[in-house]
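What follows is a single structure, written as structure tokens, with notes after it.
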Amino acid sequence: MSIKQFPLSKAQLAELVSRYPTPFYLYDEAAIRENARRITRAFSVFPAYLQHFAVKALPNPFILKILANEGFGADCASLPELLLADLAGIKGEAVMFTSNETPAHEYQKARELGAVINLDDLSHIEFLEQNAGIPELISCRYNPGPLKGGNAIIGKPEEAKYGFTREQIIEGFKQLKAKGVRRFALHTMVASNELNLDYHIETARILFELAVEIRDKTSVRLEFVNLGGGVGIPYRPEDEALDYETLAAGVKKVYDEIIAPAGLDPLGIHTEWGRVVTGPYGWLVTTAIHRKSIYREYIGLDSCMADLMRPALYGAYHHISVSGKENAPATETYDVVGSLCENNDKFAIQRRLPPIDIGDFVLIHDAGAHGRAMGFNYNGKLRCGELLLRSDASIIPIRRSETPEDYFATLDLAALKRFDPC
Ligand SMILES: *Cc1c(COP(=O)(O)O)cnc(C)c1O
């Protein structure tokens with residue numbers, strides 16, 4: 001069971017909406033900090049631990065500043081994400097640059113900022129050398145593919161575009177060593193929204209075994225391994241959250257079995273979690289503006305999939321509650337929909353909910369990661385802003401809503417006036 005709560009009462013929310021009209025995202029700073037501390041505490045069983053928050057999950061520098069203040073670094077995959085981490089004061093090796101199909105100028109920026117470059121392919125060694133130079137510390141991303149005697153739970157990495165094969169990664173470390181690299185790290189990322197503990201522990205085992213093989217075959221002693229992201233959250237009330245302490249203890253057990261006897265202790269443990277860090281602590285706050293009875297009953301919101309596309313994209317479940325009606329019986333069956341001209345613009349399909357009146361505040365839960373971040377402007381839809389509920393209970397805007405001027409900002413309207421299509 002996971003409890004689905006919203007931090008404001010209906011009266012508090014009504015007062016907030018009088019200042020900041022819906023739709024907007026609301027993030028809970030105290031809950032994010034509490035969660036970050038629980039993660040750090042659980043992983044303190046390792047001699048050295050660092051969490052690089054996956055910026056793509058919630059690319060807002062205010063949030064990054066809070067996480068940096070809790071000791072987190074950042075995981076970036078593009079030039080703007082590198083700039084966001086920099087804006088939030090996350091510097092140097094606290095930044096992991098895990099990119100793929102990387103343009104030269106992005107490698108150059110990562111080098112300039114001193115981020116840990118995590119190479120996605122053997123051919124990128126030469127690409128990096130020619131375009132940005134080889135740094136002293138470098139990481140390589142491993143794709144375990146159809147692991148020999150592998151475990152059934154690790155889906156199908158062999159169909160994923162990421163990382164080096166096992167043979168390539170051995171070769172890669174040899175080449176990097178020959179080019180003067182002195183500090184090395186190993187990374188993988190093979191999960192997404194995975195709530196199964198064993199899956200994550202098995203990932204650690206695979207990396208630890210590979211760390212020993214790398215030492216044996218190349219004499220490279222790794223400084224740290226990065227276990228990637230992909231820890232799931234309980235989107236459904238009946239789902240159970242993954243317990244950090246059990247996870248860290250499980251990984252530590254494998255560490256003690258493999259790393260210590262091989263003489264590789266201390267080995268740094270890094271992770272790059274996104275979803276589980278902020279996901280449960282963000283809500284998309286909307287207002288019901290229409291009710292429609294045709295072949296089904298529809299509730300139309302003042303938001304749409306431009307603000308949160310996970311339901312439309314993946315058929316993902318997001319819990320929905322109605323402010324002030326938390327304990328009302330769910331007597332109705334609705335499709336809760338947005339305004340985009342796409343029939344899959346539905347936040348919920350045939351969902352049992354209490355009767356919803358026009359003007360009700362409809363809360364979409366667990367939207368704090370891969371939420372607004374995935375938004376887009378198709379159909380001329382403008383993305384909503386973001387508010388932060390601070391630990392002292394004040395609420396501040398951390399991103400305004402988009403305006404039509406933002407939508408037109410990439411057009412040269414003076415050139416349009418001069419443009420004569422005849
Ligand atoms: C998306 C991503 C993450 C974060 O994934 P979560 O599922 O949000 O934890 C971490 N690392 C890489 C390389 C990613 O692409």
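Ligands are counted one by one from 1 in listed order, and the atoms in each one are counted from 1 as well. Along the sequence shown, the residues carry numbers beginning at 1.
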Atom indices of ligand 1 within 4.0 angstrom of Gly274 heavy atoms, with elements: 4 (C), 6 (P), 8 (O), 9 (O)
Starting from the C-alpha separation in whole Å, work towards a yes-or-no answer on side chain to side chain donor-acceptor pair (under 3.5 Å) for Thr286 and Ser303. CA-CA 6 Å; Thr286 74; Ser303 177; over 6 Å; no
Among the heavy atoms of Gly230, does any lie under 4.0 Å from an atom of ligand 1? yes
Could Lys109 and Glu106 be called an ion pair, given the rule that one side-chain N must be under 4.0 Å from one carboxylate O? no
Heavy atoms only: which of Arg141, Met189, His370, Lys56 is nearest to atom 2 (C) of ligand 1? Lys56
Check ion pair Asp307-Arg372 (N to O, under 4.0 angstrom): no
Indicate yes or no: does Lys174 engage Glu171 in a salt bridge with an N to O separation below 4.0 Å. no
Starting from atom 4 (C) of ligand 1, locate the nearest protein heavy atom and write down its residue, its atom name and how far away it is, to 0.1 Å. Ala54 CB, 3.4 Å
Do Glu342 and Lys381 sit within salt-bridge range, that is, some charged N less than 4.0 Å from a carboxylate O? no
Do Glu213 and Arg166 meet the salt-bridge criterion of a basic N to acidic O distance under 4.0 Å? yes
I'd like to check which ligand 1 atoms, numbered from 1 as shown, lie under 4.0 Å from a non-hydrogen atom of Asp75. 10 (C), 11 (N), 12 (C)
Contacting atoms of ligand 1, where contact means under 4.0 angstrom from a heavy atom of Thr98: 13 (C)
Checking a contact table here: which protein heavy atom is nearest atom 12 (C) of ligand 1, and how many Å away? Glu272 OE2, 3.3 Å
